[in-house]
Amino acid sequence: SVLLATLWLVRTQPVADWTARLLKKFPYKAMHDYERLSAANWIVHYLTLVSNVGIIQRLFARDPNHDGIQKKRRAYATAVAIPGHLFGSMFLLSHSLVGTRSPSGVAAMQALYNSASFFVALSTMSVGMALLLPAMWALLSSLVVGGFILRGVVSFGNLPGILLANLGLVAVLFSKNGEFPSLFKLGHCALSFTPLIVSLIDKKIGAGIDLGHMIGAACLLAGLVLQQLSLCRG
């Protein structure tokens, strides 16, 4: 498959060098000291990508009788689900380089992790505006926020970033049930609180060891499965 081919290619020096150069503009994000992923951990990570594809398909499914609902769902897909697939793939590529000793591989691993972390922040801080503002204003606002994240002005560690992240959570939770089913909202909460869960795992057993890493990925998968189930039912 394309994913397997990409996982192999990124381990070659020319592609690793190109990846590191291409993504060097993204702000640095410290990585956990990850162990190599076990087969079970690879499966959990892969299932998150598969589940996310299903969510994207459901969110973009046409329903002529509910045009207003479709706009909200497509806005969510654009702000959360599609970037989620992008940064999920980047994280997986980064994890595939864990344990490499070549300077090119190490640089590519960090660059992929940095870029994935940027898209996590951008998605989390943009979803509120995507749901509450007209499409053009939401796009412009997201571009501005993205620029601030790249410059280090906005992050999860300062007040503007925290407020934007919470705006997104509130916008989803207090949306009409017709727009997003209750189970979908619960899934979004699970996704939103996964970083907190990972930090708790890190304190208890270490988020970098394979078990801790897999538990964090499983929490993410649980949120995605809840969302997918809710859309299948609704």
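The structure places CG of L229 at 10.0 Å from CZ of R58, a figure rounded to the nearest 0.5 Å. Taken to the nearest 0.5 Å, the CE atom of M136 stands 6.5 Å off from the CG atom of L140. Note: M109 CE to S104 OG = 12.0 Å, rounded to the nearest 0.5 Å. The distance from atom OG of S38 to atom CD1 of I209, rounded to the nearest 0.5 Å, is 11.0 Å.
Counting only heavy atoms from C-beta outward, the side chains of F184 and L59 approach each other to under 4.5 Å. Looking at heavy atoms from C-beta onward, S141 lies in side-chain contact with L133 at the 4.5 angstrom threshold. Side-chain contact between V106 and L97 is absent, with no heavy atoms from C-beta onward closer than 4.5 Å. Between V98 and E35 there is no side-chain heavy-atom pair separated by less than 4.5 Å. The closest side-chain heavy-atom distance from T124 to S192 is not below 4.5 Å. For the pair L131 and S175, the minimum side-chain heavy-atom distance is 4.5 Å or more. At least one side-chain heavy atom of M31 sits less than 4.5 Å from a side-chain heavy atom of Q110. Proximity of I149 to F26: side-chain heavy atoms (C-beta onward) are nowhere separated by under 4.5 Å.
A tilted orientation is assigned to the rings of Y76 and F180, their planes being inclined by 30° to 60°. Ring geometry for F87 against F91 counts as perpendicular: the plane angle is over 60°, on a 0 to 90° scale with 30° as the lower cut.
Remark: side-chain polar atoms of T12 are not paired, donor with acceptor, to backbone N or O of W8 under 3.5 angstrom. In this structure, N52 contributes its side chain and A81 its backbone to a donor-acceptor pair below 3.5 Å. With hydrogens and angles disregarded, no donor-acceptor distance shorter than 3.5 Å links the side chain of T48 to the backbone of L221. Judged by distance alone, the side chain of S94 and the main-chain N or O of M90 form no donor-acceptor pair under 3.5 Å. A donor-acceptor contact shorter than 3.5 Å links the side chain of N114 to the backbone of K29. Side-chain atoms of R73 come within 3.5 Å of backbone N or O of E179 as a donor-acceptor pair. Checking side-chain atoms of S123 against main-chain N and O of F119 turns up no donor-acceptor pair under 3.5 Å. Formation of a donor-acceptor pair under 3.5 Å by the N166 side chain with backbone atoms of L163 is not found in this model.
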Query - Trace of the side-chain contact (heavy atoms from CB on, under 4.5 Å) decision for V154 with M125 - result: CA-CA 9 Å; V154 175; M125 296 177 193; 3.5 Å; yes
**Report entry** Test side-chain contact (heavy atoms from CB on, under 4.5 Å) applied to I215 and I205, step by step
**Finding:** CA-CA 11 Å; I215 293 172; I205 61 175; 4.2 Å; yes
**Report entry** Check against side-chain contact (heavy atoms from CB on, under 4.5 Å), Y46 and I43
**Finding:** CA-CA 5 Å; Y46 179 72; I43 290 171; 5.7 Å; no
Query raised in the report: Would L132 and L167 count as a side-chain contact (heavy atoms from CB on, under 4.5 Å) if you check the C-alpha gap in whole Å, the side-chain angles of each, and the deciding distance to 0.1 Å?
Result: CA-CA 10 Å; L132 298 174; L167 176 65; 3.7 Å; yes
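No chain of hydrophobic side-chain contacts below 4.5 Å, direct or via other Ile, Leu, Val, Met, Phe, Trp or Tyr residues, connects V15 to L112. Under a hydrophobic-cluster definition in which Ile, Leu, Val, Met, Phe, Trp and Tyr are linked whenever side-chain heavy atoms come within less than 4.5 Å, directly or via other members, F118 and V153 are assigned to the same cluster. Clustering ILVMFWY residues whenever any of their side-chain heavy atoms sit less than 4.5 angstrom apart, transitively, puts F60 in a cluster other than the one holding V127. In this structure, F174 is a member of the same hydrophobic cluster as F193, with clusters built from ILVMFWY side-chain heavy atoms closer than 4.5 Å. Under the 4.5 Å side-chain contact rule for hydrophobic residues, I56 and L86 do not share a cluster.
Minimum interatomic distance between A108 and A16 (heavy atoms only, all atoms of both residues): CB-O, 3.5 Å. For G216 against I201, the heavy-atom pair with the smallest separation is N-CD1, 3.8 Å. Between L173 and C189, the shortest heavy-atom contact is CD2-SG, 3.3 Å. The two residues A218 and V44 have their closest heavy-atom pair at N-CG1, 3.7 Å. Between G128 and A171, the closest heavy-atom pair is CA-CB, 4.0 Å. The two residues L7 and L93 have their closest heavy-atom pair at CD2-CD2, 3.6 Å.
The number of heavy-atom neighbours closer than 6.0 Å to CH2 of W18, taken from other residues, nucleotides and ligands shown, is 12 or below. Atom CZ of R11 has more than 12 neighbouring heavy atoms from other residues, nucleotides or ligands inside a 6.0 Å radius.
Remark: the H213 side chain and the H32 side chain contain no N/O donor-acceptor pair separated by less than 3.5 Å.
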